[in-house]
Number of protein chains: 2
Amino acid sequence: MEIDQHKSMKMTPQRIAIMKYLDGNVTHPSAADIYGSLRGEFPTMSLATVYNTMEILKEQGRVVELSIDPAKKRFDPNVGPHHHLICTQCSKVVDIFTEFPLGLTEDEKHGFKIVGNHVDFYGICGDCAAAEKERS
Amino acid sequence: MEIDQHKSMKMTPQRIAIMKYLDGNVTHPSAADIYGSLRGEFPTMSLATVYNTMEILKEQGRVVELSIDPAKKRFDPNVGPHHHLICTQCSKVVDIFTEFPLGLTEDEKHGFKIVGNHVDFYGICGDCAAAEKERS
DNA sequence: TATTAGTTGATAATGGTTATTATATGGAGA
DNA sequence: TCTCCATATAATAACCATTATCAACTAATA
């Protein structure tokens with residue numbers, strides 16, 4: 001994520017820290033994750049600042065909001081086309097960059113003007129599988 | 001949806017009504033949608049009963065919970081393999097039954113044991129496109 | 001019909017997100 | 001560099017979907 005000047009976005013230490021945190025981050029953090037990671041550096045930072053900043057980054061297309069986790073929003077600084085592997089136990093999300101042929105006929109589009117697509121794979125991640133084996 | 005006896009599920013008028021409402025329903029309703037649609041018939045019904053019933057139907061595999069809408073959970077009584085067309089403006093969700101080749105190599109699985117997948121297409125539905133044209 | 005385990009409905013509690021607002025400040029212009 | 005003000009921050013209240021609690025009720029079985 002380019003941490004440069006941007007039209008109508010005043011750069012503050014908090015925003016710079018959030019953008020640095022997101023740059024190259026592949027953990028798909030929630031607002032609380034971001035907040036928690038930056039509290040050490042900015043003890044007075046508010047969760048509202050995180051949400052506010054994410055909203056702006058979203059509008060600028062520098063971040064994508066994911067609906068992957070039913071419990072909370074998660075954010076993805078990788079805005080290029082890619083797909084996700086989701087652990088149904090621990091909610092871990094891993095990026096995959098495989099491309100799939102996802103063409104639809106006009107009929108299959110049901111009158112929609114398609115602008116994008118996304119593939120989610122569900123499964124059990126290695127860590128959770130190991131933990132399960134451990135318990136048995 | 002078969003509205004028959006089911007192991008460890010006591011059939012009540014409320015549950016029967018919810019299951020009838022879901023049977024063949026393609027609107028991917030939220031708990032509030034279901035509640036609102038049945039209030040006329042059951043003025044005393046509680047939202048808690050809807051959530052409780054959906055939880056049981058989910059456990060029984062008669063319904064799938066969707067994370068498509070960041071604002072609320074939505075439910076899909078169609079538990080067979082299919083994909084979704086999602087309107088980014090009105091959140092309408094339309095089913096499509098096209099099958100795509102979605103194989104992953106072992107490397108691409110990143111240690112996950114894959115159990116399923118789902119393709120979401122994003123776009124503007126016909127109604128929203130028409131409404132937009134109207135305004136301009 | 002009597003029994004009882006499971007369900008309902010009312011409502012409180014929870015947790016994530018959004019709104020509000022007084023105070024502080026980044027950054028453009030003097 | 002200094003001033004000024006539009007905008008951001010932080011604290012916290014409000015909001016809303018979901019979950020938890022529990023006393024009263026009831027479907028299912030004997």
Side-chain angles (χ1 to χ4, degrees), chain A residues 3-22 27-60 62-76 91 93, chain B residues 3-21 28-60 62-76 91 93:
Chain A
I3 302 172
D4 52 3
Q5 227 71 322
H6 195 284
K7 58 175 183 291
S8 78
M9 184 183 195
K10 197 182 283 187
M11 292 310 293
T12 66
Q14 295 87 336
R15 289 184 174 176
I16 292 169
I18 290 172
M19 291 168 77
K20 277 189 183 162
Y21 174 78
L22 290 173
T27 65
H28 311 80
S30 65
D33 292 336
I34 298 168
Y35 176 66
S37 293
L38 299 178
R39 287 207 64 160
E41 193 181 347
F42 295 89
T44 70
M45 179 154 56
S46 165
L47 243 187
T49 295
V50 176
Y51 278 108
N52 168 40
T53 301
M54 297 316 291
E55 184 61 29
I56 288 173
L57 294 177
K58 206 170 65 181
E59 283 169 9
Q60 297 181 352
R62 295 164 158 229
V63 128
V64 171
E65 179 185 307
L66 304 179
S67 300
I68 273 173
D69 192 328
K72 51 183 152 6
K73 293 180 179 176
R74 294 174 66 166
F75 299 95
D76 194 341
S91 292
V93 179
Chain B
I3 301 170
D4 52 3
Q5 227 71 322
H6 195 286
K7 58 174 183 291
S8 79
M9 185 183 194
K10 196 183 282 188
M11 292 310 294
T12 66
Q14 294 88 335
R15 288 184 174 176
I16 291 170
I18 290 172
M19 291 168 79
K20 277 189 183 162
Y21 174 77
H28 311 79
S30 65
D33 293 335
I34 298 168
Y35 176 66
S37 294
L38 298 179
R39 286 206 66 159
E41 192 182 348
F42 295 90
T44 71
M45 180 154 56
S46 164
L47 243 186
T49 296
V50 176
Y51 278 108
N52 168 40
T53 301
M54 298 315 290
E55 183 61 29
I56 288 173
L57 293 177
K58 206 169 65 182
E59 283 170 9
Q60 296 182 351
R62 294 165 159 230
V63 128
V64 171
E65 179 185 307
L66 304 178
S67 299
I68 273 172
D69 191 330
K72 53 183 154 357
K73 293 179 178 176
R74 294 174 66 166
F75 299 95
D76 194 341
S91 293
V93 178

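In what follows, chains carry the letters A, B, and so on, assigned in the order in which the sequence lines appear, proteins first and then strands, with residues in each chain numbered from 1.
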Starting at [atom1] of [X] and ending at [atom2] of [N], how long is that distance when rounded to a whole Å?
X	N	atom1	atom2	value
B:E55	C:dT8	CD	C1'	17 Å
A:L47	C:dA19	CG	C1'	14 Å
A:I34	C:dT17	CD1	P	10 Å
B:L38	C:dG9	CG	P	11 Å
A:K58	C:dT17	NZ	C1'	11 Å
B:E65	D:dA17	CD	P	15 Å
B:M45	D:dT26	CE	P	15 Å
A:Y51	D:dA14	OH	C1'	14 Å

Can you see if the side chain of [X] gets near the phosphate of [N] - specifically, an N or O under 4.0 Å from OP1 or OP2?
X	N	value
A:T44	D:dA10	yes
B:K10	D:dC25	no
A:R15	D:dT9	yes
A:N52	D:dT9	yes
A:T49	D:dA10	yes
A:K73	C:dT18	yes

Of the nucleotides [options], which has the atom closest to the [X] side chain?
X	options	answer
A:M11	D:dA10, D:dT9, C:dG27	C:dG27
A:K72	C:dG16, D:dA10, C:dA10	C:dG16
A:I56	D:dT19, C:dT18, D:dA8	D:dA8

Determine the sole option in A:T49, A:V50, A:I56 for which the side chain to side chain contact (heavy atoms under 4.5 Å, CB included) test with A:R15 is passed. A:I56

Within the structure shown, what part of the strands sits under 4.0 Å from B:A32 by heavy-atom distance: base, sugar-phosphate, or nothing? nothing

Under 4.0 Å between any heavy atoms, over every strand shown, what does B:Q14 touch: base, sugar-phosphate, or nothing? Just pick one. sugar-phosphate

Rounded to the nearest 0.5 Å, what separation is found between the CG atom of A:L38 and the CG atom of A:D33? 10.5 Å

Taking it one step at a time, do B:M54 and B:E65 satisfy side-chain contact (heavy atoms from CB on, under 4.5 Å)? CA-CA 9 Å; B:M54 298 315 290; B:E65 179 185 307; over 6 Å; no

Taking side chain as C-beta onward, heavy atoms only, is A:L57 less than 4.5 Å from A:L22? yes

Between B:T12 and B:S30, the residue closer to the 5' end of DNA chain D by nearest nucleotide is B:S30

Evaluate B:H28 against B:L66 for side-chain contact (heavy atoms from CB on, under 4.5 Å), listing each step before the verdict. CA-CA 8 Å; B:H28 311 79; B:L66 304 178; 3.6 Å; yes

